[in-house]
Amino acid sequence: MSNPPSPRRLLVIDDSEAIHTDFRRILTDEPLKSRGELDLMADALFGPEAAGSSVGKTVVEVESAYQGEEGVARVREALAEGRPHALVFLDYRMPPGWNGAETLRHLRRVAPCLPVVLCSAYSDYSWAELQAEFGASQLLRQLRKPFNRQQVRELALGD
């Protein structure tokens, strides 16, 4: 018998608790608790296994940090434990502490190869400025708020 895969560890660094809840709903089993009529009809027709959402079958662990300093500390701890994060979703603005760019500078010192997705409805920096400072690579992506489920899943899971 094989062991289940280790969870894909994601870190959300954002000052809004609602954003953390949104990420958990999109990436974990939580949405299955409040399924719509269409899901219930599919269960009735095809059985719960056939109609089951792939979200519930995805092994994801979403960790939270509410300020940049806390997020960098969590990344550092995860590395020390040998359980690094696969990806960080990072807000641009998190008053009163470090903003997204400052947090990213610290993250790059601690974990230079950690992929980061910068998230916000607005930014104090242009995307070109951020790419000039941090490099235009697959390690740095952008997600505009409000975001949709599919965008988050694609970035988080590589769908």
Side-chain angles (χ1 to χ4, degrees), residues 3-34 52-159:
N3 292 330
S6 299
R8 180 172 170 83
R9 297 187 73 217
L10 308 176
L11 176 62
V12 176
I13 306 173
D14 194 298
D15 60 326
S16 169
E17 191 168 331
I19 295 297
H20 294 266
T21 300
D22 289 344
F23 277 105
R24 281 192 174 77
R25 284 184 179 148
I26 292 168
L27 297 170
T28 67
D29 290 340
E30 215 172 306
L32 298 179
K33 295 175 187 170
S34 59
S53 166
S54 62
V55 175
K57 293 176 178 36
T58 303
V59 181
V60 177
E61 180 182 324
V62 180
E63 188 175 346
S64 291
Y66 293 90
Q67 290 291 305
E69 298 92 333
E70 179 189 4
V72 171
R74 290 197 186 277
V75 168
R76 193 176 280 121
E77 291 166 10
L79 289 169
E81 294 169 358
R83 297 183 57 223
H85 296 97
L87 179 72
V88 171
F89 286 99
L90 173 61
D91 190 17
Y92 278 103
R93 287 188 175 176
M94 296 175 287
W98 295 341
N99 65 18
E102 185 64 25
T103 302
L104 184 55
R105 286 183 196 103
H106 288 274
L107 285 172
R108 288 292 181 246
R109 289 185 205 123
V110 172
C113 296
L114 178 61
V116 173
V117 178
L118 286 165
C119 309
S120 193
Y122 47 85
S123 172
D124 295 334
Y125 302 88
S126 74
W127 185 240
E129 288 174 311
L130 291 165
Q131 287 183 314
E133 180 174 351
F134 298 106
S137 76
Q138 291 299 316
L139 293 178
L140 184 62
R141 308 288 298 271
Q142 186 175 24
L143 178 65
R144 289 295 201 185
K145 293 177 185 174
F147 45 78
N148 69 45
R149 286 182 160 298
Q150 191 60 34
Q151 289 174 308
V152 171
R153 285 188 52 76
E154 286 173 5
L155 289 165
L157 306 172
D159 288 351

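Remember, it's a predicted structure, so these values are computed and weren't measured experimentally.
When side chains are defined from C-beta on, Phe147 counts as touching Ile26, because their heavy atoms get closer than 4.5 Å. Considering only heavy atoms from C-beta on, Pro96 comes within 4.5 Å of Gln67 through its side chain. When side chains are defined from C-beta on, Met94 does not count as touching Tyr66, because their heavy atoms never get closer than 4.5 Å. Residues Thr103 and Val116 fail the side-chain proximity criterion, which asks for heavy atoms closer than 4.5 Å. Between Asp91 and Lys145, the closest side-chain pair of non-hydrogen atoms falls below 4.5 Å. The shortest side-chain heavy-atom distance between Glu154 and Gln151 does not fall under the 4.5 Å cut-off. Within the 4.5 Å cutoff, side-chain heavy atoms of Phe89 are placed close to those of Leu155.
For the pair Arg141 (side chain) and Pro115 (backbone), a donor-acceptor distance under 3.5 Å is absent. Between the side chain of Glu61 and the backbone N or O of Pro7, no donor-acceptor pair lies under 3.5 Å. Under the 3.5 Å distance criterion, the side-chain polar atoms of Arg9 are left unmatched by any main-chain donor or acceptor of Glu63.
Annotation for Ala111 and Val75: closest pair CB-CG1, 4.0 Å, computed over non-hydrogen atoms. Minimum heavy-atom separation, Phe23 to Cys119: CZ-SG, 4.4 Å. Here the closest non-hydrogen pair linking Ile13 and Gly71 is CD1-CA, 3.6 Å. Of all the heavy atoms in His20 and Ser16, the pair that sits closest is CD2-O, 3.0 Å.
In this pair, Trp98 and His106 present their aromatic rings parallel. The plane angle is below 30°, not in the 30 to 60° band.
Atom CD1 of Ile19 sits about 12.5 Å away from atom CZ of Arg24, to the nearest 0.5 Å. Distance CZ/Arg74 to CG/Leu11: 7.5 Å, rounded to 0.5 Å. Remark: Ser120 OG to Asn99 CG distance equals 10.5 Å, nearest 0.5 Å. Note that NE2 of His85 and CG of Leu114 are 8.0 Å apart. Values are rounded to the nearest 0.5 Å. Atoms CG and CG, on Leu139 and Leu107 in that order, are 12.0 Å from each other to the nearest 0.5 Å. To the nearest 0.5 Å, the span separating CG on Leu90 from CD on Gln142 amounts to 11.5 Å.
More than 12 non-hydrogen atoms from other residues, nucleotides or ligands lie less than 6.0 angstrom from CZ of Arg108.
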